[in-house]
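Comments concern the structure below.
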Amino acid sequence: MTREEYALALLRSCYGYDSFRGQQWDIISHTLDGGNSIVLMPTGGGKSLCYQIPGLMSENGFAIVISPLLALMNDQIDALQQNGIPALALNSEKSDHENRETVELLMQGKVKLLYISPERLLSEIDRWSTAITDRICLFAVDEAHCISQWGHDFRPEYTQLGALKQRFPHIPVMALTATADRITRDDIAQQLNIPDAKLFVSSFDRPNISLNVVRGSTGRQKLRQIVQFINLHQGESGIIYCLRRKDTEKMAAELTRLGIGAKPFHALMSAKEKQQVQRDFINDDLKVVCATIAFGMGIDKSNVRYVIHSNMPRNIESYYQEIGRAGRDGLPAEALLFYSYGDVVTLQQFARQSGQIQVNMDKLKRMQQFAESDVCRRRILLNYFNERFDHDCHNCDVCNNPPERFDGTRLAQMALSAIMRTDQQTGLFTVTDILRGWRKAEVIEKGYDRLKTFGVGRDLSVPEWNAYLLQMLQMGLFDIAYDENNHLKITEYGQEVLYGRQTIQLSRYQRQGFNVKKRATATIPMTTNTTEVSIASKEMDRELFEHLRDVRKAIAKASNIPPYMVFSDKSLQAMATEKPTTQSEFGILYGVGDVKCQKYWRPFTAAIREYQGSR
Ligand code: ADP
Ligand code: ZN
């Protein structure tokens, strides 16, 4: 058996996967040859296998995995143990007795993967006998960007890790991160003492996440669209990000009132409350979490099916990180961003109050351009991250619904004339009220209801006007005077249009429809291998899938682990597609390794047989 055949056999028997993804095998074989490496892969790309397989392949040895977050460490170990892989951790949460036992097992060569924090490793390794150190086959440094002072997650403990290479020059080091910029990358190589490290850069595209933006919806309209969206995703897990704490509470309350189980999550809740929400979400007891940005760090739930941004995030980095929490299992997932003028104003205020005004304003501008763009959204994102992506993705709202252009000169003249007649003393909302002929207090008070333009734009809905006014603002027909209560000021270009010397084109507002059917049968343009895709494109029995989800939940409850650790959604889909009724049929499915096959084939095949018999 060649080395690669052996690796593939392990992949099948331990994880239930049929082939390596992308560069996984290249990375593994480089490590087996003793080479150092820096691995850049997006979240969900499959980093863990790159260091787990070398650990498994080493005859009497083990791989050390250095990781900063205890919660993630425990999560990974639980998942590995579910697959029957001997993985253990040394950390302060365990008793001295447990930790001593772990060291004993290491000495006997009975462990394949050891998870440990950087500070613990450095304080401990000098005390280890050669019976242990001779067995180390790899140092894997997870979340390696923590080493860089320039990064967003600097951890001083990480900077000491360079000592490892000095002490053990022959043991390969693998640094892994989902942060892609060059400074971080150089820092990693330098600080870990691995200037010769081979760089493995994967695409940062997440092709299974469909990207969608809704412009101009606010208030009730937005809530209605969110409810409609969630109802099309019944039984699925999702996160709704809001800008402020009070928005998370309001959103959760509104949804709960409408019969959708949702809870808020924000920084001011107690640690206990936060833990409870996380736990319920992970265990599928709570489907929707309305959160500020604090939610999602350190949770490894693979079946989050959608991420909604109820407000626009402050920059593209945050946006990408947040939508990245959806669809880590590689199955179709959705990102839905609501973008309105009010958010831009609030975010600009945040940016102006921040320490780095210029940088934050620029980043906000890029985010805004993304939301307003009429070109493929994935193109914009990947280009922003300096990745060449020169085709349309066919999995974003622009690709699926190319904007229709029309002559918007008349609409612009209505708006501009309304602004002009108020002596440029109103903001965007009041202009909309005037155009729509809405007699609210401020309008009456200032006599705007007697203007010639009052009600001329009655034919268009509020979201339509919001969307068009945004486009006009973006085109530069008028400007917002931040130092004058955000009143609108017509520019020179705006005057040209107002007096008919220039015409403008607008892209037609499209009422957003959410079509979940389309998603269930759509084939995802995967960059990964074909066996992984085939499951998604075959016909799946939706009802059986729901049924199996209940079976999974019951098993998870009984063994006190999260449902996704029993099987991923993808494995359940494979079951609901292939409908195995015997152990051997069950054993070849995606994600069913030897240990899980033994443990679970009975309850799942029984459920399938019973389901088929009842029809
Ligand atoms: P990362 O650590 O890069 O965020 P993970 O290692 O958690 O990503 O992998 C994401 C998901 O993809 C996991 O569910 C993992 O089991 C799955 N996966 C990784 N490699 C493969 C593969 N070769 N075949 C099938 N599934 C894979
Ligand atoms: Zn696209």
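First listed ligand is number 1; within each ligand, the first listed atom is number 1.
Applying the 4.0 Å criterion to heavy atoms of Phe20 picks out, from ligand 1, the atoms 23 (N). Of all atoms in ligand 1, listed by their number and element, those nearer than 4.0 Å to a heavy atom of Ser19 are 22 (C), 23 (N), 24 (N). Residue Ser48 approaches ligand 1 through these ligand atoms, each under 4.0 Å from one of its heavy atoms: 2 (O), 5 (P), 6 (O), 7 (O).
No heavy atom of Ala178 sits closer than 4.0 Å to any atom of ligand 1. The shell of residues lying under 4.0 angstrom from ligand 1, judged by heavy atoms, includes Gly45. Distances from ligand 1 to the non-hydrogen atoms of Gly591 include no value under 4.0 Å. For the ligand labelled ligand 1, residue Gly44 lies inside the 4.0 Å heavy-atom shell. Taking 4.0 Å as the cut-off, Arg328 counts as a neighbour of ligand 1 on heavy-atom distance. The shortest heavy-atom distance from Asp329 to ligand 1 is not under 4.0 Å.
By the side-chain hydrogen bond (donor to acceptor under 3.5 Å, both in side chains) test, Ser318 is found to be paired with Asn315, residues two or more places apart in sequence or in another chain being considered.
A side-chain donor-acceptor contact under 3.5 Å links Glu387 and Ser203. Side chains of Glu236 and Tyr306: a donor-acceptor N/O pair is absent below 3.5 angstrom, by distance only. At a cut-off of 3.5 Å, with distance as the only test, a side-chain donor of Arg325 or Tyr241 sits close to an acceptor on the other residue.
Between Tyr384 and Phe370, a ring centre-to-centre spacing not shorter than 6.0 Å is recorded. In this structure, Phe281 has its ring center no closer than 6.0 Å to that of Phe265. The six-membered or imidazole ring of Phe389 lies near that of His391, with a centre-to-centre distance under 6.0 Å.
Contacts of Pro42 with ligand 1, taken as heavy-atom pairs under 4.0 Å, involve the backbone alone.
The nearest non-hydrogen atom to atom 16 (O) of ligand 1, considering only Tyr564, Tyr15, Tyr17, comes from Tyr17. Residue Leu49 holds the heavy atom nearest to atom 21 (C) of ligand 1 of all those in Leu8, Leu49, Asp18.
Around the Zn ion (ligand 2), the protein atoms of type N, O or S found under 2.8 Å away are Cys376 SG, Cys393 SG, Cys396 SG, Cys399 SG, listed by chain and number.
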Next item on the list: Go through Lys596 and Gln82 one step at a time and tell me if the side chain to side chain contact (heavy atoms under 4.5 Å, CB included) criterion holds.
Entry: CA-CA 7 Å; Lys596 283 192 181 172; Gln82 278 299 307; 3.9 Å; yes
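Under a 3.5 Å cut-off, the side chain of Arg206 and the backbone N or O of Gly327 do form a donor-acceptor pair. Not one N or O on the side chain of Ser559 forms a donor-acceptor pair closer than 3.5 Å with the backbone of Ile561. Proximity of a side-chain donor or acceptor of Lys47 to a complementary backbone N or O of Met41 within less than 3.5 Å is detected.
The residues Arg549 and Asp284 are annotated as not salt-bridged, no charged nitrogen and carboxylate oxygen being separated by less than 4.0 angstrom.
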